[in-house]
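Take a look at the structure set out below.
In what follows, chains are A, B, ... by sequence order, proteins preceding strands, each numbered from 1.
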2 protein chains.
Amino acid sequence: MKHLPHKTIERLSQYRRALLLCLDKGKTHIYSHEIAKIQHITAVQVRRDLMLIGYTGTLRKGYNVKELIDLIGNIIDSDEGINVAIIGMGNLGRALINYFAGKRSKLKIVAGFDTNPDKIGNTMSGVPCYSIEHLREVVAAEKIKVGIMTVPADYAVDTADLLVKSGIKGILNYTPKPVNVPDGVYLEEYDMITTLEKVAFYVKLQETD
Amino acid sequence: MKHLPHKTIERLSQYRRALLLCLDKGKTHIYSHEIAKIQHITAVQVRRDLMLIGYTGTLRKGYNVKELIDLIGNIIDSDEGINVAIIGMGNLGRALINYFAGKRSKLKIVAGFDTNPDKIGNTMSGVPCYSIEHLREVVAAEKIKVGIMTVPADYAVDTADLLVKSGIKGILNYTPKPVNVPDGVYLEEYDMITTLEKVAFYVKLQETD
DNA sequence: TTAACAATGTTAAGTTTTTAACACTTTTAC
DNA sequence: GTAAAAGTGTTAAAAACTTAACATTGTTAA
C-alpha cells in the first residue's frame, strides 16, 4: 500500500465517520453497498478503496465495522496525534471548535488565536484563546502542526506567512483569499462561495434542461 | 460549449473571485500564468478552461479582466439570480451570512431559519431569521431555490427532508451527517472534518518521507 | 528586417479516477 | 444436494481530468 489516491484518502475519512455512527447503533457488520449508499457512491468504489488498503471482509457478512474503523485509523491518523490551532475566533472558528468538541480523534484543537482583547484569555469549549502575537511561542510549546485559518480575508496572507514562520506543517484556509506557502507546507484551500456557486450552477442547469 | 467539466465550473468561480480582486487593484489585463499562480494551478489549465468557455484573450496582453468576469458570470450565474436560505443560525450559519454580506452576487441569502425563539424574528446582517416551522411558506414566498444546512448533525436528515418537501432545488450540507435527496434536487455535501483529516494525513506523510 | 521572445489557443498524450465485468464463495431455497 | 442468490475481490475498460507539445502571432531588440 504505497500510494493511496487522493480521493481514496478523503473517502476513507468519510467511511470512518459513517462507520462510527453504525457502531453507535450497535451494528457489527456492514456491506459495501450500505456504505456506498450513505456516501452517495457505488459499492464497487467502496470495495476498491478497501482493497487498496488491504482490508478483507467476510463473504456474505460484509465488513467488520470495528476492525475497519481501526484499520482506517492506522492509515490516516498519525500515531501520536496531531495538534491543531484555529486562527480567528470569529463565528467560523467557533463553529469548528464546537464541531470537534468531544470528538474522539487523533486531531486535537489545542489553541485558538485572535486579535480581539475581549476574546484573548478566555476559553471556548475547552480551547484557550491566545493573542495572535504569541502564535509562534504557542505553536512551539504545544507542538502544533496544523493551522486552520478563519480570519477575515484581508488578514489571510499575513496570517499564512506567520503560520509558516512559526513552523506549521499544514494549513487549511477557509478564507476566500488564496495564500501561498513554501514547499514542505501542505496547503488546502476551501472556499465556501465557490461551493455555493457550484450548487447554484447545477440548479440552474437542471432548470434549463 | 455544452458540457463544462465539473472541475472547470469550480475553477471558473475561483477565477472570477481572483479577477474581482484584480479589478479592485485597477488591473485591466491579466495573464494566464498570473491567474494560475493565485490558484496554485498551471497556466495551461487556465487557458484550457477559458478555451472551453470560448473566451479569447489578446495576444501578449493577456485577458481583459472585466470582460472575463462578465463572461464567467454569464455562464455560471443565472439571469434572475438565485435566492438562498440558511437553515441553522448557529456559528456556522452566521459565518456564512457575514461572508456574503455586501457581496455583489446573483446569489442572495434572503432568509435564515432556526428553532431558538431568541433568534426568531431578529435580523442578522440584514437577513431575517424565521422559525423553521415556517420554512415551507417562506421558501415559496421568497422563491428560495437553494438551502444551506448548518444545523446540528442530529437534525440533518429531518432538515433535508423538510427542504425537499418545500420544493428546494439544491442543498449544500455542511453537517457532518450525509443526507439523501430525490432526483431533481442537487446535493453537495461538505464535511470539514474530512478536509482537516486530509490535511493531517498529508502532513504525516511528509514527515515520514 | 529579422531573430528571439513571450504570450495565446488547441490538439494530443498521459494520468488519475471511476465503472464495468467477472471469478469466486458462502448461504439460502427448493 | 443442487441451483439460485448475494455477497466479496480483482482485473480490465472507460471516463474524466491534467499536462505536454506545438503552431501561431504580436512585440521587442539588435
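- Residue A/R11 contributes atom CZ, which lies 11 Å from atom C1' of C/dT16 at whole-angstrom precision.
- Put simply, CE on A/M51 is 8 Å from C1' on D/dT11, counting in whole angstrom units.
- The shortest side-chain heavy-atom distance between A/M149 and A/V179 falls under the 4.5 Å cut-off.
- We find that CG of A/N64 is positioned 15 Å from C1' of D/dT8, with the value rounded to whole Å.
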Practice task
With side-chain contact (heavy atoms from CB on, under 4.5 Å) as the test, would you mind laying out the steps for A/Y55 and A/N64 before giving the verdict?
Solution key: CA-CA 10 Å; A/Y55 184 65; A/N64 180 304; 3.4 Å; yes
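- Distance, A/E10 CD to C/dT17 C1': 12 Å, rounded to whole Å.
- Distances shown here put a side-chain N or O of A/T56 below 4.0 Å from the OP1 or OP2 atom of D/dG9.
- No hydrogens or angles were tested; on distance alone, nothing pairs the side chain of B/R48 with the base of C/dT10 as donor and acceptor under 3.5 Å.
- Atom NE2 in A/H40 sits roughly 15 Å away from atom P in C/dT18 (whole-Å rounding).
- Each of C/dG9, C/dT27, D/dT18 was ranked by its minimum atom distance to the side chain of A/R60; first place goes to C/dT27.
- Picking from D/dT19, D/dG7, D/dT11 the nucleotide with the shortest atom distance to the side chain of B/T42 gives D/dT19.
- When the nearest nucleotides of DNA chain D are assigned to A/G62 and B/H6 by heavy-atom distance, the more 5′-ward of the two goes with A/G62.
- Checked against D/dG7, C/dT17, D/dT10, the side chain of A/K7 finds its nearest nucleotide in C/dT17.
- Proximity of B/V139 to B/N83: side-chain heavy atoms (C-beta onward) are nowhere separated by under 4.5 Å.
- Nearer to the 5' terminus of DNA chain C, by closest-nucleotide assignment, is the contact made by B/H33 (compared with the other of A/T8 and B/H33).
- Rounded to whole Å, atom C1' of D/dG7 lies 13 Å from atom NE2 of A/H29.
- In this structure, A/L92 and B/M192 have side chains that are in contact, with non-hydrogen atoms separated by less than 4.5 Å.
- The nearest whole Å value for the distance from the NZ atom in B/K61 to the P atom in D/dT27 is 8 Å.
- The side chain of B/L59 lies closest to D/dG26, out of D/dG26, C/dG9, D/dT11.
- Residue-level contact check: B/S32 touches the backbone only, with heavy atoms under 4.0 Å from sugar-phosphate atoms and none from bases.
- In this structure, B/Y63 reaches the C/dG9 phosphate: one of its side-chain N or O atoms is under 4.0 Å from OP1 or OP2.
- The phosphate of C/dT18 (OP1 or OP2) has no side-chain N or O of A/R47 nearer than 4.0 angstrom.
- Shown are B/V110, B/D77, B/V146, B/I144; of these, the side-chain contact (heavy atoms from CB on, under 4.5 Å) with B/I82 is made only by B/V146.
- Here the nucleotide nearest the side chain of A/Q45, chosen from C/dT10, C/dT18, D/dG7, is C/dT18.
- B/L52 has its CG atom 11 Å from the C1' atom of C/dT10, to the nearest Å.
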Practice task
Show the numbers, then the answer: is there a side chain to side chain donor-acceptor pair (under 3.5 Å) between B/Y190 and B/T195?
Solution key: CA-CA 9 Å; B/Y190 178 79; B/T195 311; 2.8 Å; yes
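- Nucleotides of DNA chain C nearest to A/V44 and A/P5 differ in position, and the one nearer the 5' end is that of A/P5.
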